[in-house]
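Following: one structure in structure tokens, then a few remarks.
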Number of protein chains: 2
Amino acid sequence: METVAERAGVSRALVSLVMNNSPKVSDSKRTAVLEAAAALGYLPNLHARSLAQQRTKTFGIIINDIHNPFFAEVVSGIESAADGHGFSVLILNGGRDPDRERRAVETHLQFQVEALILVGTRLDDGALVRASQVTPTVIVASGSDHPGVDTITANDRIGAALAVDHLVALGHTDIVHLDGGDNISSRHRAGGFELAMRAAGLEPRVLRAGDGEADAEAAMAQLVEDETVPTAIFAFNDLLAAGVLDILKSAELSVPNDVSVVGYDNTFIAELNHMSLTAVDQPRRMMGELAVRTVLERIEDNRTEPTNLDLSPTLAVRGSTGPPKRDRITR
Amino acid sequence: METVAERAGVSRALVSLVMNNSPKVSDSKRTAVLEAAAALGYLPNLHARSLAQQRTKTFGIIINDIHNPFFAEVVSGIESAADGHGFSVLILNGGRDPDRERRAVETHLQFQVEALILVGTRLDDGALVRASQVTPTVIVASGSDHPGVDTITANDRIGAALAVDHLVALGHTDIVHLDGGDNISSRHRAGGFELAMRAAGLEPRVLRAGDGEADAEAAMAQLVEDETVPTAIFAFNDLLAAGVLDILKSAELSVPNDVSVVGYDNTFIAELNHMSLTAVDQPRRMMGELAVRTVLERIEDNRTEPTNLDLSPTLAVRGSTGPPKRDRITR
DNA sequence: CCATTGCATTAGAGCGCTCTAATGAATACG
DNA sequence: CGTATTCATTAGAGCGCTCTAATGCAATGG
């Protein structure tokens with residue numbers, strides 16, 4: 001900076017003003033400084049700036065699993081919203097590991113980020129509350145059972161109801177839900193499934209499965225063996241649904257003729273023509289954008305009461321669902 | 001820090017030593033400082049540290065597309081290797097946009113990262129060379145035609161040959177390659193395909209396609225209409241292969257009985273049972289790890305000559321390939 | 001018992017920037 | 001013509017930390 005100032009024949013302070021494009025710099029000096037900077041390849045040191053300015057204009061994102069395309073889209077939403085408000089975004093990968101996430105929180109805090117956006121976090125409530133006391137913190141897309149911390153979610157119960165209602169409207173009465181094992185979302189979706197089924201006057205059947213393709217196997221094997229394959233299956237997520245599709249194929253049951261299948265998340269997998277999976281869709285980008293808005297309210301409008309935004313999912317109807325076969329309708 | 005020092009009854013300098021766990025601190029003072037720090041919730045300010053220390057122990061990653069699972073795994077490799085050497089990793093998303101990538105480079109430089117790792121970059125050579133003059137820079141997984149810049153690649157020609165050899169060994173003689181449109185990898189894979197075919201005494205057929213599922217349609221439509229569907233298809237990547245599978249299905253051609261299909265990248269999609277796609281696999285994690293090693297050589301062993309590591313891909317054989325039908329073997 | 005060594009500890013400068021308050025020049029006004 | 005007003009410019013302190021060199025103190029040895 002010193003060097004740039006000398007070369008442009010001005011003071012350090014003036015260089016600073018130019019770099020922050022302050023309006024109160026004469027055009028002549030401005031171009032002189034800009035030229036000198038370009039000639040010297042000068043780039044301001046962000047650490048020094050942050051230190052002097054006592055702010056970073058930066059959000060810290062922790063993404064639970066960088067491999068998960070669902071999270072990727074949330075991050076896109078965050079990035080564009082942050083960008084629109086002049087904030088940068090630092091991404092740290094949680095790697096599905098609460099411990100690593102804890103370290104990531106610490107790193108972000110050391111970086112003096114102005115807010116923490118936790119996407120699909122697995123952090124325990126204690127850690128979450130602690131973080132939220134240090135800096136504005138918002139949790140995106142991982143349950144809503146964190147008291148006092150801002151959250152952005154898409155309602156799993158409504159999502160499940162969407163799936164059920166779609167199937168019921170098609171004429172299905174025998175619907176099985178394969179759940180996602182032991183996590184908040186899974187409990188909510190299963191709960192929503194049961195509620196919606198009962199509301200339609202139907203008996204819910206829920207089978208324990210998991211969140212991976214392979215988890216479909218055990219649950220499905222049972223159905224096939226017992227010859228209690230329903231006319232429709234609602235899976236915890238797209239991956240599980242992919243497993244279901246596969247097993248139905250090997251059992252020589254056609255989709256959607258013999259069995260309809262609904263997934264959840266509407267990822268990329270659901271979209272593959274080969275799958276053409278009807279799936280519940282969460283407004284991922286929107287969730288990211290709202291996360292930014294939520295923390296901005298804390299930073300700029302200094303809101304203090306916690307906010308819990310719960311959005312409504314939608315249903316993407318594709319080829320994996322259709323009316324049940326006549327001869328399989330029991331009542 | 002001041003406050004911590006006071007509370008622990010020591011000097012600021014001593015607190016600094018403790019925070020960097022220097023060995024020359026007495027146990028008594030160390031615990032005193034640690035306790036004070038914990039009680040006050042003190043976290044060192046990374047900006048101040050970086051400024052004073054004149055180093056950041058941080059690598060800047062730019063990932064071309066955060067949605068691409070291929071890149072995600074490379075990043076995992078980078079992260080774990082960096083971690084093993086005491087380096088942190090800052091991720092910026094290029095968003096498939098060269099302009100945004102350019103800004104990301106600048107941001108990283110302003111953050112004084114000690115090296116730049118560009119994963120699947122779309123930056124032009126000029127920008128790359130400029131970056132590499134400012135800080136150690138390595139390009140991972142995007143062609144190898146960048147002169148003077150360190151690169152880590154997996155050889156596309158070998159990959160293509162792997163696919164061809166596998167199909168030839170199964171007895172195929174009529175093999176079509178659907179290329180990936182206009183990019184470096186595509187050219188290399190197509191080139192490798194032609195070479196390997198000729199080496200096997202076969203006539204290569206290459207059709208222009210693209211890198212998305214939808215791109216398969218046009219190319220495949222032509223084959224189906226002309227009734228020149230080969231006994232095997234080698235697609236530029238898994239996504240394109242997914243499109244091929246889909247179209248074969250609607251043309252009522254069975255895989256692998258009527259047609260064998262080979263993909264590239266061995267992503268997640270290939271692994272889906274429903275797809276069960278034979279695919280060329282690039283050593284993604286390894287590529288990430290080698291990227292770290294490459295920049296470390298520049299930082300710590302101050303290497304100056306450029307390095308170009310070209311790894312060998314492997315083939316993951318699955319259900320989408322098999323021997324050709326007897327009656328379709330022409331010679 | 002004093003000089004010497006070794007080690008834990010500290011004072012204070014400096015990292016690159018921004019910001020406040022002061023300076024100086026130029027314009028406007030009575 | 002002198003004073004007030006405005007505006008571009010600058011000096012210099014300070015952001016929170018680390019690092020060098022200096023200090024003080026205890027232990028060692030002749």
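So that the names make sense, note that chain A is the first sequence line, chain B the second, and so on, each numbered from 1.
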Side chain to side chain contact (heavy atoms under 4.5 Å, CB included) partners for B:Leu17, two or more places apart: B:Leu14, B:Ser22, B:Val25
Flag side-chain contact, heavy atom, 4.5 Å: B:Glu106 against B:Arg102: no
A:Leu14 CG - C:dC19 C1' separation (whole Å): 14 Å
Exercise: do B:Asn237 and B:Asp211 side chains pair donor with acceptor under 3.5 Å: no
Letter per nucleotide, 5' to 3', of nucleotides 12-18 of chain C [B base touched, S only sugar-phosphate touched, - untouched; heavy atoms, 4.0 Å]: -BBBBBB
For atom CD of B:Glu6 and atom C1' of C:dT10, their distance in whole Å: 15 Å
Salt bridge (charged side-chain N to carboxylate O under 4.0 Å, His left out): pairs with one or both residues in residues 45-70 of chain A, sequence neighbours excluded: A:Arg55-A:Glu114, A:Asp65-A:Arg96
Residue pair A:Arg12 / A:Ala5: nearest heavy atoms and the distance that separates them: N-CB, 3.8 Å
Any B:Ser26 side-chain N or O less than 4.0 Å from OP1/OP2 of C:dT9: yes
